[in-house]
Structure formats: C-alpha cells, structure tokens
A.B. asks: 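Got a structure for you, written out below as structure tokens; questions coming shortly.
Just so we're on the same page: letters track the sequence lines, and every chain starts at 1.
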Amino acid sequence: MTDNSGKTLTPDKPPEKAEARPSEPDGFSHLPPTPMRAMQRLGGWRALRSMRTAIWLLLALVAATLLPTLVPQELANPQGVRDWKEKWPAFSDILERLHLFDVFSAPWFVAIYAALLVVLVLCLVPRTRAFVRQVRRAVRRPGEGALPDVALQAEWVTALPAEEAARRVVPYLRRRRWRVGKANAAGQCVAEKGAAREGGSLLFHWSFLVLMAGLFVSAMFGWSGYAVLVEGREWVETPMSIIQYDPPVFFEDSAHREFTLTLDTFDVRYRDDGSAADFVASVRVADEGETVIAKEVRVNDPLDYRGVKAYLHSFGWAARIVVTDPVSGDEVFDDWVILEPGGPRNMHTGVVKIPSIRPQAGLELFFAPTGVVLTQEQAAAFDDELGPNVLLAQRPGPPTPDAPVVYFREYRGNLGLDRPQPIGVLDKSRLGDPVDIGAVTPGGNAFELEDGLEVSFRELRQYSRLQVKRDPGLGLVAAAGVLLLVGLVPSLYLARRRLWIWIRPDPDGQERTVITLGGLAYQRKEAFNGEFEDLRRRLEALAPTDADSGATPNESREST
Amino acid sequence: MSATTLSKVMLLVAWFAYAGAATAALMTALTKGERWLRATFWCAVAGLTCHTIGLVAITVGHGRAPWGTLYEWVVSVSAVIVLIALVLIVRRAEFAALTAIVYGVVVVLMLAGASQYREPGALQPALQSNWLTFHVALALTGSALLLFGGVVSALYLVRVRWENRYLTSVLGTTGTEPPDLAAGDEVVPLRETDDREGDALAGSGGGAVALAAPRVEVEADTEPVPVGTTRRGLGGRLPTSFALDDLARKSFTLAFPIYTLAILAGAVWGEQAWGRYWRWDPKETTSFIIWGLFAAYLHARATRGWKGTGAAWLGVIGAVAVVFNSFFVNLVIAGLHSYAGG
C-alpha cells in the first residue's frame with residue numbers, strides 16, 4: 001500500500017490505529033473498513049481465519065474430490081472396486097489403506113472439510129457481529145473535515161436556505177433507501193446503501209452450516225433401504241423386511257411405524273426395443289388396519305407417508321415357486337421368487353434356497369417371459385454360462401409374458417447360510433456342480449427331479465422394488481439450498497455504496513446554499529457512475545440551481 | 001427431409017459459418033478493419049441462425065429438449081457460447097480479437113461433439129421431468145458462461161505476461177494501459193491500485209478505492225508504438241488485462257449462481273427420481289469440483305496474493321474441468337448420469 005502514502009486519503013488505516021481511538025468521531029473523509037478488514041481487526045487467529053487459508057482448504061477439498069472420478073467408489077460403483085482389487089491386488093491394498101475407495105468418509109477427507117468449516121465459522125462470527133452492529137446502529141455523524149478525494153463528486157448552488165435544502169435532500173435519499181446519518185455542525189453527513197451485499201454473503205456462508213446440520217440429522221436419525229413388493233401382496237415396514245437396511249444411529253427402535261404397503265397393480269408400457277416407456281405402481285398404505293393413502297407411484301413421483309418416502313426403483317417378474325418333498329409330503333418351499341432382469345440371453349434370474357432338507361438344496365432359475373426355442377448353433381453362438389445344450393432364450397423386444405418359462409438348475413450341498421449373503425445370490429462354493437436341471441411353466445405340471453423333489457411354478461406376477469427411506473434432515477438441507485441461493489445473488493450483484501453530503505450556506509454570503517455530493521461504490525463502480533449521476537440530477541431538481549448565480553461552478557466530474 | 005437430416009445440415013452450415021467468423025475476427029484483430037468486424041458479426045449471426053434452426057429441428061423432431069445425447073449437449077452449449085460472444089461484440093467492439101478465439105473454441109467443440117454422434121432416441125422415464133429440463137438448461141447456460149470466461153482468463157494470462165514484459169521494457173514500470181501511448185499520456189497501473197483485500201465474494205475485488213493511483217507520466221521521448229509491429233504479438237492485440245479481467249469476472253459472476261442453481265435443481269430431481277439428492281456419482285463429483293473451483297475463484301479475486309493471475313489460473317482450470325465434465329465423465333466413467341452420454 002506504499003502507493004497511497006502521502007495522500008490525504010488513507011482508506012485502510014492500520015487496525016491498531018483505528019482501534020486506539022474508538023470514541024473519537026471519524027473525520028468526514030473517513031472511509032469505514034471493508035467487512036474483511038473489520039474481521040481482521042479483532043486480532044488473533046489471523047493466519048487461520050484468513051481468506052488464503054480458506055482458499056487453500058477449498059482447493060484441497062476440490063483436489064480430494066477429484067480422486068473419486070479416477071478411482072471407483074464403494075458407494076457408487078462397488079463392481080468397479082471389485083474389478084480393481086482383482087486386477088491390481090497390491091496397489092488396491094495401498095488404496096484401501098488410504099481410504100481411496102471410500103474417499104467421502106475417509107478421515108483425511110473429513111479433516112479437510114472440518115477444517116474448512118472451522119475457518120468458515122471463525123471468519124463468519126466476527127463478520128456477522130460486525131454486520132449486525134452496522135445494521136442496527138445508525139450511520140455515524142461524521143467529524144468535520146474536507147470531502148474525501150472520491151471519484152464521483154458534484155457541487156451546485158441553490159437559492160434555498162440550507163435547512164430547507166437538507167429537508168428536501170435527506171428525506172429523498174431515505175425514500176431511495178439510503179441510510180442517512182446525522183449531520184454535524186458543518187452540515188456534513190454520510191449515507192450508506194447496499195448492506196444486503198454483506199448480508200447475502202453471510203447468509204450464503206452460513207447456509208453451509210445449515211447444510212452440515214441437515215446432513216448430520218439425516219445420518220443420525222434417518223434410515224434407508226429397499227422394499228420389494230409383489231402384486232397383490234402386503235409388505236410391512238419393519239427393519240427385518242427392508243433389504244440393504246441402513247439403520248439410523250439413534251432411536252432405531254422407534255424409527256418404524258410398521259405400516260403396511262400393498263402393491264395393487266403394476267403397469268408397464270414398453271417401447272418396441274424392449275425399454276420401458278412408462279411404468280406405474282398402484283400402491284396402498286395401511287396404518288393400523290386403515291387405508292390411509294392410495295397412490296400411483298411413478299419414477300419422478302414418490303410416495304410420502306409420515307416422512308417415509310418410497311421411490312420406484314426397479315421392477316420385474318416374480319414367480320411363485322413351490323417345492324415339495326415327496327418323502328415327507330411337506331412343501332419345503334413356497335414363496336415368491338424375484339426374477340432380476342439382466343441374466344444371460346436376456347433372461348431374468350432368481351434363486352431358491354431350501355435349507356430345511358439334508359443335504360440343503362438350491363435352485364438357480366432362468367426365466368424367459370417369452371421363451372423361444374433355439375437351434376444348437378444359435379445356443380452355442382451365445383457362448384454364455386448356460387452352454388450350447390440349453391436351447392432357451394428370451395425373445396428380443398418387450399419382456400411381455402407371452403410364453404413364460406422357467407429353466408432351472410438344482411444344486412445339493414451346503415448353502416453356506418452361516419455367513420451373511422444377499423438374498424438373490426447362491427453361494428456355490430460348497431454346493432458343487434448342478435445335480436439336475438428342469439423347466440416349469442406357470443400353472444403347469446410339477447417337475448420331478450431325480451432326487452425326488454418336485455418343483456412347480458404356481459403363478460407369475462410383477463414385482464416392484466421401492467427405495468424406502470426416512471430422511472429427517474431433508475428439510476434442513478432444502479432450507480440450506482434456498483438460503484444459499486438467496487444469499488448468493490445479492491452478494492454477487494449488489495454493491496456497497498457511500499455518499500458524502502455537505503449542505504452549507506454559501507461562504508460568499510447571500511441567502512444561498514452550496515450542496516456538495518461525493519459518492520463511492522466499493523464494488524461495481526461502473527454501475528454506480530450512472531446511479532450517482534441520476535441521484536445528482538434528482539437532487540438538483542429538488543434543490544434547484546440558483547439561476548442568477550453564475551459565480552459558483554455547477555460541477556459534476558467523473559474519473560476513474 | 002426428416003428433422004434429423006435438417007438439423008445435421010443446418011448444424012454443418014453453422015459450423016462453417018463459425019469457422020468463417022473465427023477467420024474474420026482474426027482479420028479484424030490483424031487489420032483493425034471495420035469491414036472484417038462486420039463480416040465477423042454477420043457470419044456469427046448466420047451461424048447462430050442455422051444453429052438455432054438445427055436445435056429446433058431436434059426439439060420438434062423428437063418432442064424433447066435438444067440435450068438427450070452428448071452430441072446434442074455440446075451443440076447446445078456451443079450455441080450459448082456464440083450468443084455470449086455476439087452480445088459481447090455488439091456492446092464492445094474492441095473485443096473482436098478475443099471472439100476469434102471464442103469462435104475457434106466453438107468450432108473445435110462442435111467438431112469434438114460431432115465425433116461422438118449417436119442417433120438420438122427417446123428419453124428414459126426417469127429423464128422425463130420438468131426439474132430435469134430446468135437442471136440441464138441451467139447447467140448448459142452455466143457451462144457455456146464458464147467456458148467463455150475460461151477462454152477470457154487464458155487470454156488475460158497471455159496479456160498480463162505481455163504487459164509485464166513489454167511495458168516494463170518501454171516504461172520501466174508495470175502498467176496496464178493500452179499500448180498505443182502518445183507522449184504525455186497517463187498510465188495508471190490499475191493492478192497495483194486494486195491490490196487490496198476486499199470482502200468475501202466481492203466480485204470486483206472489493207478494493208476500497210482505486211482513486212489514489214499514482215499516475216505515471218509517460219516521458220515525452222518514449223516512442224509511441226506503431227500499430228502492427230512484431231513487438232506486439234498476440235498479447236499486444238488483446239484488450240487490456242484490466243478489461244479482460246473484468247470480462248472474465250462478469251462471465252464467472254453471472255455463471256456462478258446459474259451453475260449453483262443447476263446443481264440444486266439436479267439435487268431436487270435426484271431426490272424425486274432416485275430418492276437421493278446427492279450420491280457422489282461421477283457427474284455430481286465433477287460438478288462439485290467445478291463449483292468449488294469457481295467459488296475459490298470468486299474468493300481469490302478478493303484476496304491479496306491470489307487476485308490477478310492466481311485467480312485467472314483458477315478460472316482456466318475451472319473451464320478445463322467443464323470440458324472434462326462434458327466429455328470424459330460421459331464417455332469414460334459410468335454413473336447415474338451415464339445415459340446423458342448416450
């Protein structure tokens with residue numbers, strides 16, 4: 001700032017100096033410090049709360065966030081993580097230790113954003129206090145002195161007496177929402193406008209703390225998971241029935257109302273290429289025996305019941321498979337099997353696990369809604385796990401159930417249920433090779449396997465998988481988003497402006513008054529040039545120039 | 001002629017018109033000819049007209065907004081960039097040299113987009129949402145403004161280098177006035193006076209006052225620099241660093257709230273469609289990076305040691321991230337946004 005030394009105006013007084021005489025009124029030419037200056041004035045912690053620290057932390061956060069675009073993440077792309085671990089085990093081990101497969105919950109990532117939040121709060125608290133003080137307190141009466149050497153200045157002489165001129169000028173400025181301070185004995189006063197810039201900036205920055213609060217509440221009290229609903233069947237909202245349940249940290253016991261969801265119908269409209277054009281799930285919610293909601297759930301239109309939301313996630317076919325053990329005559333399995341699309345030959349796959357018989361039995365189902373019979377060459381051409389001897393495939397196009405058929409393979413042995421495993425996956429490590437194969441159609445005859453088990457396909461229905469969750473922090477997060485935008489716009493587009501007004505009797509005597517205006521915008525200086533010129537014109541109209549006096553120049557100069 | 005063919009033909013014509021505009025803008029910079037300036041303007045107008053017809057053809061032909069595939073997205077972003085350049089040149093003719101580079105970038109961008117051409121299809125049910133249309137339209141405008149600002153920032157860096165080298169050698173001081181100096185002219189080193197810490201997010205640097213600038217009197221015996229000499233180079237033909245910095249600031253401050261709103265609208269849509277407003281999928285992650293870079297830019301502008309070249313570098317890196325987000329993320333990395341890449 002050596003450039004400014006020797007000038008009459010020193011806009012950035014050293015903080016110590018400014019603090020040394022707080023009671024003394026500032027001179028007329030005094031420029032109040034910018035909010036950042038005010039912040040630093042409070043001393044201490046300087047390095048930590050400086051903008052430079054914040055920028056470096058923000059850039060560190062950005063750099064850390066870059067990593068997940070290069071390394072697959074456990075959360076978003078678990079398959080990618082498995083692939084990496086298979087391909088480069090040693091390298092992946094290092095990545096794992098550095099938490100690079102789960103960057104967003106890595107301790108070092110949390111440390112960066114926690115540090116950023118600390119710096120943010122350290123900056124915001126003094127700034128907010130200064131802002132509140134500034135807004136609540138009237139604009140100071142300035143000490144007497146010369147007009148500061150600001151770029152925008154205007155001066156004219158009016159025939160009105162000084163008091164009358166002030167009575168016209170000041171209320172007009174107030175109407176234009178300038179905060180006008182009291183005048184000193186010399187008739188000097190200052191006016192300020194544009195505090196909303198700093199207010200908006202503060203709102204923008206505080207909104208991140210609101211956001212963090214929302215995320216915290218969600219993590220502590222929210223839960224999520226999936227519900228699989230088969231047409232015509234009920235599903236009860238309990239932790240047990242939620243698949244991939246992510247429980248709340250607190251109050252898990254009281255987090256569920258245990259209401260009932262029923263999928264009445266599920267309608268899909270397909271395009272010719274087999275992709276879904278539209279799908280709707282008609283769902284009923286019953287609580288304590290009474291139907292409370294009946295709603296058509298669509299992709300962008302979730303169900304919402306008492307804070308629990310259900311989003312249409314995916315859909316497909318479910319087969320009611322019954323397996324009978326002829327020795328005991330018992331039905332050892334009778335349930336709806338979810339058939340997931342994406343199997344070989346466009347087929348849908350599902351799994352039946354029968355742990356109650358010895359040895360345990362497992363069925364691997366391949367479902368074709370419209371099965372077509374292949375030649376051996378065609379089957380061989382697929383070159384998939386089914387092999388050339390399975391002459392079944394799903395017809396290309398929409399998976400409508402025109403000729404539904406389930407082909408299955410039977411395994412006997414140990415299902416490995418002593419270890420946790422996903423519902424739709426068969427752990428074949430202790431099952432060995434399939435012992436038998438078979439095929440069933442809905443409502444058709446039971447298929448008798450060589451070991452005596454009889455498998456029948458009772459019914460085909462559609463299922464719908466809903467993502468269910470309770471996210472109590474969502475309101476806070478949404479509020480943060482709104483506050484962020486509401487604060488951002490004024491903080492970028494408004495400017496803090498200051499006017500110096502000096503209304504005094506003409507020193508040359510007579511009944512005339514000299515009015516001097518000075519103007520300064522802290523930001524958006526170009527736009528203020530026009531505003532100042534307009535203001536001058538309007539004020540001059542209110543306190544018109546004395547036509548008789550050609551002596552005092554009517555000056556309005558602009559320079560940069 | 002089908003809508004798809006019409007759009008292809010129109011976009012091809014637009015591409016050639018932009019190539020013409022880039023050339024004409026370059027000639028404007030070299031010759032300072034009024035005629036070339038007019039040629040630049042009308043080439044760009046003709047290009048944008050065809051461009052718009054092409055985009056409308058896609059919209060009408062498929063009954064949806066023209067950003068279903070990566071190709072369409074890039075073409076739409078290009079249209080917004082051209083619109084920005086046109087608005088700029090109408091208001092400030094001295095930026096003609098700069099628009100040469102902007103049109104050049106558009107030509108490359110459209111070519112890169114065309115290399116990823118896919119036959120457009122209908123949208124998945126999840127993509128049929130008003131929030132999504134809003135989200136993409138904002139992301140598109142924001143990206144275009146950020147790219148534009150990034151180009152300006154890059155040119156600012158070129159210009160600052162030139163000013164530091166050239167003006168130091170001529171004047172023995174670091175100044176930033178336009179080089180056509182006549183004896184007795186005042187040179188105001190604006191970057192020096194602006195070097196003050198301002199408040200957070202203070203776009204213009206928040207410097208208290210630029211009024212106490214020391215005014216350097218150019219020595220009467222300093223040779224005025226003739227126009228078009230080799231000493232000027234690219235840097236010498238560009239607008240002053242102050243003007244470029246101001247232009248970059250304007251595009252970034254305009255882009256930032258738009259991009260922020262785009263991210264928020266995307267989150268609202270994600271909440272409705274997937275049940276998660278944010279899940280760190282690659283597109284979201286890159287958007288966050290871009291947002292963070294430009295947030296850093298806006299703060300850097302108001303921070304000593306960062307303003308000027310430091311901030312401009314952040315702007316350039318941010319613009320590179322925008323390109324990365326459009327191409328690399330769509331093509332290479334899978335995620336929930338992968339259908340945007342088609």
A.B. asks: Find the one option among B:L254, B:I290, B:L314 whose heavy-atom pairs under 4.5 Å with chain A are most numerous.
C.D. replies: B:L254
A.B. asks: Side chain, backbone, both or neither: which part of A:V477 has a heavy atom under 4.5 Å from chain B?
C.D. replies: side chain
A.B. asks: Can you say whether A:L58 sits under 4.5 Å from chain B via the side chain, the backbone, both, or neither, judging by heavy atoms?
C.D. replies: side chain
A.B. asks: Going by side-chain contact (heavy atoms from CB on, under 4.5 Å), A:Y113 matches just one of A:L61, A:L57, A:L120. Which one?
C.D. replies: A:L61
A.B. asks: Which answer fits B:L264, side chain, backbone, both or neither, if we ask what part of it has an atom under 4.5 Å from a heavy atom of chain A?
C.D. replies: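 Contact with chain A is through the side chain of B:L264 alone.
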A.B. asks: Between CG of B:L261 and NE2 of B:H135, what distance do you get to the nearest 0.5 Å?
C.D. replies: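 With rounding to 0.5 Å, CG (B:L261) is 11.0 Å from NE2 (B:H135).
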A.B. asks: Before accepting this row, confirm whether a basic side-chain N of the pair B:D245/B:R301 lies closer than 4.0 Å to the acidic partner's carboxylate O.
C.D. replies: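 Between B:R301 and B:D245 there is a salt bridge, with a charged N closer than 4.0 Å to a carboxylate O.
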A.B. asks: Looking at chain A, which one of B:W291, B:F288, B:W280 has the largest number of heavy-atom pairs inside 4.5 Å, strictly under?
C.D. replies: B:W280
A.B. asks: Does a side-chain heavy-atom distance below 4.5 Å link A:V81 with A:Q73?
C.D. replies: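 No, side chains not in contact.
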A.B. asks: What part of A:L312 lies closer than 4.5 angstrom to a heavy atom of chain B: side chain, backbone, both or neither?
C.D. replies: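 Backbone only.
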A.B. asks: Report yes or no: is the cationic atom of A:R498 (NZ for Lys, CZ for Arg) under 6.0 Å from the centre of the six-membered ring of A:W500, at an angle within 45° of the ring normal?
C.D. replies: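 Yes.
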